[in-house]
Number of protein chains: 2
Amino acid sequence: MYSIGDLSRRTGVKIPTIRYYEQMGLLEAPERSEGNQRRYEKRELERLAFIRHARDLGLSIEAIRDLLALSRHPERPCGEADRIATEHLASVREKIARLRKLESELERIVACHGDHTIGDCYVIRALADHSMCGTDH
Amino acid sequence: MYSIGDLSRRTGVKIPTIRYYEQMGLLEAPERSEGNQRRYEKRELERLAFIRHARDLGLSIEAIRDLLALSRHPERPCGEADRIATEHLASVREKIARLRKLESELERIVACHGDHTIGDCYVIRALADHSMCGTDH
DNA sequence: CTCATATCTATAGTCGCTGGAGTATTTAGA
DNA sequence: TCTAAATACTCCAGCGACTATAGATATGAG
Ligand SMILES: [Zn+2]
Ligand SMILES: [Zn+2]
Ligand SMILES: [Zn+2]
Ligand SMILES: [Zn+2]
């Protein structure tokens, strides 16, 4: 039996976050001690580690909820789980592409620095005028 | 004189967002019509375009507030503006680096898909066990 | 038994918007 | 000039994924 603090230490998930996951339906409401404190089993420790890992990989709470629901039916085909992961990969790639555009614009913007005043600062001028940009972003 | 709707159409910033920027101190409170509606000058249109562009480049409201304050003193040196942009570039690069790690883990995770069940789905197993990952993320 | 530590609930704050309710103003056509 | 449509006003709630209080209660070691 683990207290919420034990779970927190073992998974690196902060205590209020564990309670938040319970509220969001990722963790089931655990048993309680006589004094109403949460008491977890090993199963729930593993489940929390799964959640933590999925969050670290950027999956949304909703996606994780779906994956957890799927994992309760080991005999079913896993197309849906694969789809969730594939879609997430696509969204990560989109984010990277968007950020790379920003990166290249920002590189251009900060390239010109030295001794000058706000009045002729390229940073300020470039921000004022998108037509100086090489991409839309 | 532009109404808030004119400003919105010309900059692509939604009306509630314009009011939000005013509340956040990015736009000064404009003149009002007899009936209390906002009336803007060209100056404020340009300022909003600046804000929009800076937001599109991912700068925070706070950074933009600082840049706008700086731009009121064209004679001063621009080191601070350059610093804000450079720092932002660094944070964009960090985000890209993090996302690339996620991308490579997710690629690995979704690589193995075909006809199988949840019970032996690599997606589910990989999420349950970070030690299968090649990077920390 | 005492007392420090841990946990409980409920609530509010973070960021950058976005949407709605309910009311008031502006503007264009008849 | 009157009316109806479009627009704008303020205030407030909600998003996602936490995080941080406040004030009360429970647990566990000495
Ligand atoms: Zn400069
Ligand atoms: Zn641009
Ligand atoms: Zn699978
Ligand atoms: Zn991992």
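A, B, ... follow the sequence lines: proteins, then strands. Residue 1 opens every chain.
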Suppose we screen for side-chain contact (heavy atoms from CB on, under 4.5 Å). Which residues come up paired with B/Thr86, at least two apart in sequence or across chains?
A/Val110
Determine the sole option in A/Arg65, A/Arg72, A/Arg38 for which the salt bridge (charged side-chain N to carboxylate O under 4.0 Å, His left out) test with A/Glu28 is passed.
A/Arg72
Does the protein touch nucleotides 4-20 of chain D at the base, only the backbone, or not at all? Give it as B, S and - per nucleotide, heavy atoms under 4.0 Å.
----SSB------BBB-
Please give, in whole Å, the distance from [N] [atom2] to [X] [atom1]?
{"X": "A/Tyr2", "N": "C/dT7", "atom1": "OH", "atom2": "C1'", "result": "19 Å"}
{"X": "A/Glu34", "N": "D/dG28", "atom1": "CD", "atom2": "C1'", "result": "14 Å"}
{"X": "A/Glu31", "N": "C/dT7", "atom1": "CD", "atom2": "P", "result": "17 Å"}
{"X": "A/Met1", "N": "D/dG28", "atom1": "CE", "atom2": "C1'", "result": "17 Å"}
{"X": "A/Gln23", "N": "C/dT9", "atom1": "CD", "atom2": "P", "result": "10 Å"}
{"X": "B/Met24", "N": "C/dT14", "atom1": "CE", "atom2": "C1'", "result": "12 Å"}

Considering all heavy atoms of both residues, which atom of B/Leu127 and which atom of A/His53 are nearest to each other, and what is their separation?
O-ND1, 2.9 Å
Considering the options A/Glu105, A/Arg100, A/Lys101, which one meets the side-chain hydrogen bond (donor to acceptor under 3.5 Å, both in side chains) requirement together with A/Thr135?
A/Glu105
Pair A/Asp56 + A/Arg52, salt bridge at N-O below 4.0 Å
yes
Between A/Glu107 and B/Arg93, does at least one N-O distance fall below 4.0 Å, as a salt bridge requires?
yes
Can you see if the side chain of A/Ser33 gets near the phosphate of D/dT27 - specifically, an N or O under 4.0 Å from OP1 or OP2?
yes
